[in-house]
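For reference, the structure is listed below as structure tokens.
In this text, all values refer to a predicted model and were calculated from it rather than measured experimentally.
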Amino acid sequence: MFPFPIIGVALASRILLSQKSKDQNSPNKPYIGRPGFMPINRNPFEVFFKGLNRQLSSLFPRQAHENFYAIAKNFVPEDAYILKPKYPLNSDIISLGDIDGDSRDELIVSYRHNDEIKTIILKKENNNWQKVGEISDSGYENINYRKIIDFTGEGKKQILLGLSSKDKSPVLRCYSINQDSINEIFNSNYHRLQVLKASGNDRNNSKSKLAIWEKAEDDTYNIRLLQWNGSQLEPAGGVSTYYSNNVVPYYLKKVKKEPNSPQNWYNLANSLAEAGMKRDALIACEFGMQYDSNNKFKERFEALINRISNG
């Protein structure tokens with residue numbers, strides 16, 4: 001029988017966290033001020049900057065609706081196979097984003113040709129699209145992940161490109177464009193990954209975070225939460241929150257699907273401990289040890305219990 005007490009505690013925490021997130025993301029009520037007067041709680045610089053943005057937007061009008069797929073096809077060899085990223089979910093074949101900082105979106109598309117994956121960057125100049133950059137990668141078959149995002153927090157977007165094949169783990173590469181040159185600023189192997197956008201409410205932290213899940217043995221993952229420090233990736237804060245919001249629910253589903261697996265119980269217990277939910281972690285250890293009839297995970301459970309008790 002599945003232990004409902006531990007599920008209740010973990011899921012209750014999950015519900016509270018998601019509710020808090022919804023409350024934080026809910027829109028504020030609009031200010032209704034007297035006609036002709038600026039609300040006294042408005043920063044005059046923000047009003048000025050907003051007006052300036054309107055003026056700049058007139059200099060860089062939005063791109064008219066175009067058939068981007070047809071445009072991209074003109075730059076792809078006829079015998080090539082255009083690739084659609086597997087992740088993030090619902091990704092399009094074509095990605096749009098301003099990656100050179102000129103307030104105009106570039107067009108990014110990936111294709112496989114002659115045992116290579118090429119990702120090309122197209123830019124519209126004087127009403128004509130032209131190729132301004134190309135990334136080539138051999139030894140991979142598919143685009144596992146592609147996203148255009150300001151990952152470094154420097155106000156300029158980069159390309160996150162995940163490549164995969166059947167015989168090796170995926171690799172994530174991050175590219176930036178500077179003066180028409182493409183530079184790889186970091187790469188990392190992964191089995192699962194998640195990009196966490198910077199919170200608009202946190203003025204002290206404008207950088208996104210990268211959660212890298214690297215598969216170890218017995219369906220366990222070494223999970224690293226990373227952030228860009230200006231020159232390289234470094235460990236980021238908020239690890240316990242990430243575990244409670246993402247890792248614990250993942251292993252809860254595993255346990256629910258196979259409640260007789262001591263491996264699943266160990267993984268759940270470890271994720272609960274990392275999330276700071278020590279009492280629930282100890283309960284998960286107790287259940288896991290009951291299902292560990294051949295004592296295969298006995299030492300690991302005991303080590304985890306000692307770490308929780310002495311931590």
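For the residue pair Ser110 and Thr119, the shortest heavy atom distance occurs at OG-OG1, 2.8 Å. Contact between Gly288 and Pro262 at its shortest, heavy atoms only, is O-CB, 3.7 Å. Annotation for Asp105 and Gly97: closest pair OD1-C, 3.6 Å, computed over non-hydrogen atoms. Looking at every heavy atom in both residues, Lys197 comes nearest to Ser208 through CA-OG, 3.7 Å. Residues Leu107 and Ala72 approach most closely at CD2-CB, 4.1 Å, considering heavy atoms. Heavy-atom minimum distance, Arg104 versus Lys124: NH1-O, 4.0 Å.
Looking only at side-chain heavy atoms (C-beta outward), Leu225 and Leu196 come within less than 4.5 Å of each other. In this structure the side chain of Leu193 never reaches within 4.5 angstrom of the side chain of Leu160, judged on heavy atoms.
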task: Apply side-chain contact (heavy atoms from CB on, under 4.5 Å) to the pair Leu252 and Val248, showing each step before the final yes or no.
output: CA-CA 6 Å; Leu252 270 172; Val248 169; 4.0 Å; yes
task: List the steps and the verdict of side-chain contact (heavy atoms from CB on, under 4.5 Å) for Phe297 and Leu304.
output: CA-CA 11 Å; Phe297 298 95; Leu304 180 56; over 6 Å; no
task: Show the numbers, then the answer: is there a side chain to side chain donor-acceptor pair (under 3.5 Å) between Asn144 and Tyr190?
output: CA-CA 11 Å; Asn144 180 262; Tyr190 70 96; 2.7 Å; yes
- prompt: Please walk me through it: do Ile82 and Tyr69 pass side-chain contact (heavy atoms from CB on, under 4.5 Å)?
  reply: CA-CA 10 Å; Ile82 295 180; Tyr69 181 79; 3.9 Å; yes
field: Trace of the side-chain contact (heavy atoms from CB on, under 4.5 Å) decision for Trp228 with Glu154
entry: CA-CA 10 Å; Trp228 187 251; Glu154 298 169 351; 4.0 Å; yes
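Side chain of Asp292 to main chain of Lys298: a donor-acceptor pair is present (N/O by atom type, distance under 3.5 Å, no hydrogens or angles). With hydrogens and angles disregarded, a donor-acceptor distance shorter than 3.5 Å links the side chain of Glu106 to the backbone of Ile99. Side-chain atoms of Asn183 do not come within 3.5 Å of backbone N or O of Ile185 as any donor-acceptor pair. For the pair Asn142 (side chain) and Ser164 (backbone), a donor-acceptor distance under 3.5 Å is absent. A distance-only check finds no donor-acceptor pair linking the side chain of Asn270 to the backbone of Glu274 [under 3.5 Å]. Not one N or O on the side chain of Gln158 forms a donor-acceptor pair closer than 3.5 Å with the backbone of Cys174. Not a single donor-acceptor pair under 3.5 Å links the side chain of Lys215 to the backbone N or O of Arg192. Put simply, the side chain of Asn114 never gets that close to the backbone of Glu116: no donor and acceptor are under 3.5 Å apart. In this structure, the side chain of Ser244 engages the main chain of Thr241 through a donor-acceptor pair within 3.5 Å.
By the neighbour-count criterion of 12 heavy atoms within 6.0 Å, atom CG of Asn310 is densely surrounded, having more than that number from other residues, nucleotides or ligands. Residue Glu234 places its CD atom among more than 12 non-hydrogen atoms of other residues, nucleotides or ligands, all under 6.0 Å distant. Annotation: Asn127, atom CG; neighbour count of heavy atoms from other residues, nucleotides and ligands within 6.0 Å does not exceed 12. Within a 6.0 Å radius of CG in Asp115, other residues, nucleotides and ligands contribute 12 heavy atoms or fewer.
Both Ile143 and Ile182 are part of a single hydrophobic cluster, where members link through side-chain heavy atoms under 4.5 Å apart. Cluster annotation: Val171 and Ile108 are assigned to the same hydrophobic cluster (Ile/Leu/Val/Met/Phe/Trp/Tyr, side-chain heavy-atom contacts under 4.5 Å, transitive). Hydrophobic clustering keeps Ile135 apart from Phe186 (ILVMFWY residues linked when any side-chain heavy atoms are closer than 4.5 Å, directly or through intermediates). Taking hydrophobic clusters as Ile, Leu, Val, Met, Phe, Trp and Tyr residues chained together by side-chain heavy-atom distances below 4.5 Å, Trp129 does not share a cluster with Ile121. In terms of hydrophobic clustering, with Ile, Leu, Val, Met, Phe, Trp and Tyr side chains grouped at heavy-atom distances under 4.5 Å, Val76 and Leu96 are assigned to a common cluster.
Note: Ile120 CD1 to Tyr111 OH = 5.5 Å, rounded to the nearest 0.5 Å. To the nearest 0.5 angstrom, Ser95 atom OG is 5.0 Å from Ile148 atom CD1. Interatomic distance, Tyr242 OH to Gln194 CD, rounded to the nearest 0.5 Å: 4.0 Å. Separation of atoms CD (Glu78) and NZ (Lys73) is listed at 8.0 Å; rounding is to 0.5 Å. Rounded to the nearest 0.5 Å, atoms CD (Gln290) and CH2 (Trp265) are 9.0 Å apart. Atom NZ of Lys256 is separated from atom CG of Leu268 by 13.5 Å, given to the nearest 0.5 angstrom.
With sequence neighbours excluded, the residues that form a side chain to side chain donor-acceptor pair (under 3.5 Å) with Asn178 are Lys156. For the side chain to side chain donor-acceptor pair (under 3.5 Å) test, no residue two or more places apart in sequence or in another chain qualifies with Arg112. Listed by chain and residue number, nothing satisfies the side chain to side chain donor-acceptor pair (under 3.5 Å) test with Thr220 (two or more places apart in sequence, or in another chain). Applying the ring pair (Phe, Tyr, Trp, His ring centres under 6.0 Å) criterion to Trp213, with sequence neighbours excluded, gives Tyr221, Tyr250. Contacts of Lys84 classified as side chain to side chain donor-acceptor pair (under 3.5 Å), with partners at least two apart in sequence or in another chain: none.
The one candidate from Leu163, Asn189, Leu210, Leu161 that meets the side chain to side chain contact (heavy atoms under 4.5 Å, CB included) condition with Leu172 is Leu210.
Judged purely by distance below 3.5 Å, without hydrogens or angles, the side chains of Asn267 and Gln263 pair a donor atom with an acceptor atom.
The list of salt bridge (Lys or Arg N to Asp or Glu O under 4.0 Å) pairs with a residue in residues 134-146, not counting sequence neighbours, reads Lys118-Glu134, Lys131-Glu134, Asp137-Arg173.
For Lys168 and Tyr140, the positive end sits near the middle of the six-membered ring, less than 6.0 Å away and at most 45° from its axis.
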